[in-house]
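Here the structure is laid out as structure tokens; the discussion comes afterwards.
By convention in this document, chain letters (A, B, ...) are assigned in the order of the sequence lines, proteins followed by strands, and residues within each chain are numbered from 1.
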Number of protein chains: 2
Amino acid sequence: MVPSTAYRVPDLVARYADMFSAMGTAPRLRIMQLLLSAHPTGLVVGDIQNELDIPNSTLSHHLDKLKNEGLVQIRREGTFLRYTASVDALQELLGFLYAECCTRNKAIKPSGILQIRK
Amino acid sequence: MVPSTAYRVPDLVARYADMFSAMGTAPRLRIMQLLLSAHPTGLVVGDIQNELDIPNSTLSHHLDKLKNEGLVQIRREGTFLRYTASVDALQELLGFLYAECCTRNKAIKPSGILQIRK
DNA sequence: ACCATGTTTCGACATTACCGGAAATACGGA
DNA sequence: TCCGTATTTCCGGTAATGTCGAAACATGGT
């Protein structure tokens with residue numbers, strides 16, 4: 001018996017919720033901001049630590065969470081680990097929000113997103 | 001002695017983090033989707049409950065969280081409470097994400113947000 | 001093999017979050 | 001005032017999360 005599609009389709013809403021949750025604390029949102037500001041080069045853990053003043057073990061947990069939700073990408077450079085913001089994930093998330101607010105339901109006018117921001 | 005601006009400026013990052021956190025669980029993200037799909041009319045609590053099949057007390061907690069982060073607006077209609085998605089809050093949040101990803105750091109091309117979405 | 005540096009894991013704690021049944025409250029109508 | 005419906009508050013249990021020092025691990029160089 002073939003299971004209904006509901007079983008096979010990964011729950012996108014749950015996935016996006018997890019992404020939002022990963023950006024749902026100030027330290028992690030700051031990390032993402034920092035990585036975006038250093039895009040596409042990214043930063044090594046020590047740089048992030050110095051910039052945000054987070055203890056190494058705490059920082060490692062936050063980075064792990066961001067990694068698990070696919071929001072950052074990692075590559076090794078000798079003894080360093082370089083983290084970069086995942087453009088794909090952020091684009092997906094931004095696209096989801098945009099679709100829900102602007103495309104599907106037209107609750108927000110696209111022009112409203114481009115606000116003056118100092 | 002004048003305190004540095006860092007003291008007076010409310011921490012916007014923390015605020016946005018709280019908003020992301022509020023949308024960071026599947027039940028609450030579904031509630032926001034539902035309210036957006038019913039925008040601008042909104043829905044009364046009972047409708048949301050029937051639609052999402054969440055016990056009343058649990059639902060009330062989620063709605064309270066969304067209210068506290070300013071993501072929904074409420075008005076009373078007799079014995080009913082009508083919830084609507086807060087366009088202002090969502091626009092602010094979307095604007096923040098857009099600015100961080102597209103404007104400030106140009107990590108994502110704006111055209112990439114408008115993806116085909118079924 | 002050893003060392004220095006960078007990063008993660010371990011272990012523990014406090015805090016907060018999620019969930020839901022039962023009771024309490026709010027409102028409008030009879 | 002009493003009743004029925006709508007919604008919240010109260011209370012408890014359980015699980016998840018944020019934090020961080022200390023120890024372990026990884027890597028490249030000597």
Side-chain angles (χ1 to χ4, degrees), chain A residues 11 13-35 38 41-85, chain B residues 11 13-35 38 41-85:
Chain A
D11 191 340
V13 175
R15 179 172 145 68
Y16 292 132
D18 287 342
M19 287 189 184
F20 282 132
S21 178
M23 298 205 294
T25 71
R28 284 198 296 266
L29 190 51
R30 267 183 248 277
I31 292 171
M32 290 305 297
Q33 273 189 311
L34 193 59
L35 291 180
T41 307
L43 293 170
V44 300
V45 179
D47 292 341
I48 305 175
Q49 187 178 344
N50 291 334
E51 198 75 36
L52 299 181
D53 208 48
I54 300 174
N56 49 3
S57 64
T58 302
L59 177 57
S60 191
H61 284 136
H62 286 316
L63 291 173
D64 191 59
K65 176 118 186 177
L66 292 173
K67 180 190 72 180
N68 287 331
E69 303 308 334
L71 287 167
V72 298
Q73 288 171 340
I74 312 168
R75 64 173 177 278
R76 188 170 270 286
E77 289 182 358
T79 106
F80 299 84
L81 286 178
R82 181 167 295 272
Y83 282 74
T84 53
Chain B
D11 192 341
V13 175
R15 178 173 145 68
Y16 292 133
D18 286 341
M19 286 190 185
F20 281 132
S21 178
M23 297 206 293
T25 73
R28 283 198 296 266
L29 190 51
R30 268 183 247 279
I31 291 171
M32 290 305 297
Q33 274 189 311
L34 193 58
L35 290 180
T41 307
L43 292 170
V44 299
V45 179
D47 292 340
I48 304 174
Q49 187 178 342
N50 291 335
E51 199 75 36
L52 299 181
D53 210 47
I54 300 174
N56 50 4
S57 65
T58 302
L59 178 56
S60 192
H61 287 140
H62 286 316
L63 291 173
D64 191 57
K65 177 123 186 174
L66 292 173
K67 180 189 72 179
N68 287 331
E69 303 309 334
L71 287 167
V72 298
Q73 289 171 338
I74 312 168
R75 64 173 177 280
R76 189 169 267 287
E77 289 182 358
T79 105
F80 300 86
L81 286 178
R82 181 167 295 270
Y83 282 74
T84 53

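- By the side-chain contact (heavy atoms from CB on, under 4.5 Å) test, Ser21(A) is found to be paired with Lys65(A), residues two or more places apart in sequence or in another chain being considered.
- Near DNA chain C, meaning a heavy atom under 4.0 Å from it, residues 52-65 of chain B has Pro55(B), Ser57(B), Thr58(B), His61(B), His62(B), Lys65(B) in order of number.
- Separating the CD atom of Gln49(A) from the P atom of dT5(C) is a distance of 14 Å, rounded to the nearest angstrom.
- Map Pro27(A) and Val45(B) each onto its nearest nucleotide of DNA chain D; the residue landing nearer the 5' end is Val45(B).
- Remark: P of dT16(C) and CD of Glu69(B) are 14 Å apart, rounded to the nearest angstrom.
- Of the residues in residues 71-80 of chain B, those lying under 4.0 Å from DNA chain C by heavy-atom distance are Arg76(B), Gly78(B), Thr79(B).
- Nucleotides of DNA chain D lying under 4.0 Å from heavy atoms of chain A occupy a range whose first and last members, 5' to 3', are dT17(D) to dG28(D).
- Residue-level contact check: Arg82(B) touches neither bases nor backbone, having no heavy atom under 4.0 Å from any strand.
- Listed pair Tyr83(A) / dT8(C) meets the phosphate criterion, a side-chain N or O lying under 4.0 Å from OP1 or OP2.
- Gln33(B) meets the side-chain hydrogen bond (donor to acceptor under 3.5 Å, both in side chains) test with Glu100(A); sequence neighbours excluded.
- Applying side-chain contact (heavy atoms from CB on, under 4.5 Å) to Leu35(A) and the options Val72(A), Thr41(A), Leu71(A), Leu66(A) leaves one that passes, Val72(A).
- For His61(B), the side-chain hydrogen bond (donor to acceptor under 3.5 Å, both in side chains) test picks out no residue, with sequence neighbours left out.
- The OH atom of Tyr83(B) sits 7.5 Å away from atom CD1 of Ile48(B), with the distance rounded to the nearest 0.5 Å.
- Pairs of residues two or more places apart, or lying in two chains, never qualify as side-chain hydrogen bond (donor to acceptor under 3.5 Å, both in side chains) while including a residue from residues 43-54 of chain A.
- For Asp64(A), the salt bridge (charged side-chain N to carboxylate O under 4.0 Å, His left out) partners are Lys67(A), not counting sequence neighbours.
- Among residues two or more places apart in sequence or in another chain, the side-chain hydrogen bond (donor to acceptor under 3.5 Å, both in side chains) test is passed with Arg82(B) by Glu77(B).
- Residues meeting the side-chain contact (heavy atoms from CB on, under 4.5 Å) test with Thr79(B), sequence neighbours left out: none.
- Annotation: side-chain contact (heavy atoms from CB on, under 4.5 Å) contacts of Ser57(B) (sequence neighbours excluded): none.
- Qualifying side-chain contact (heavy atoms from CB on, under 4.5 Å) partners for Thr84(A), counting only residues two or more places apart in sequence or in other chains: Gln73(A), Arg75(A).
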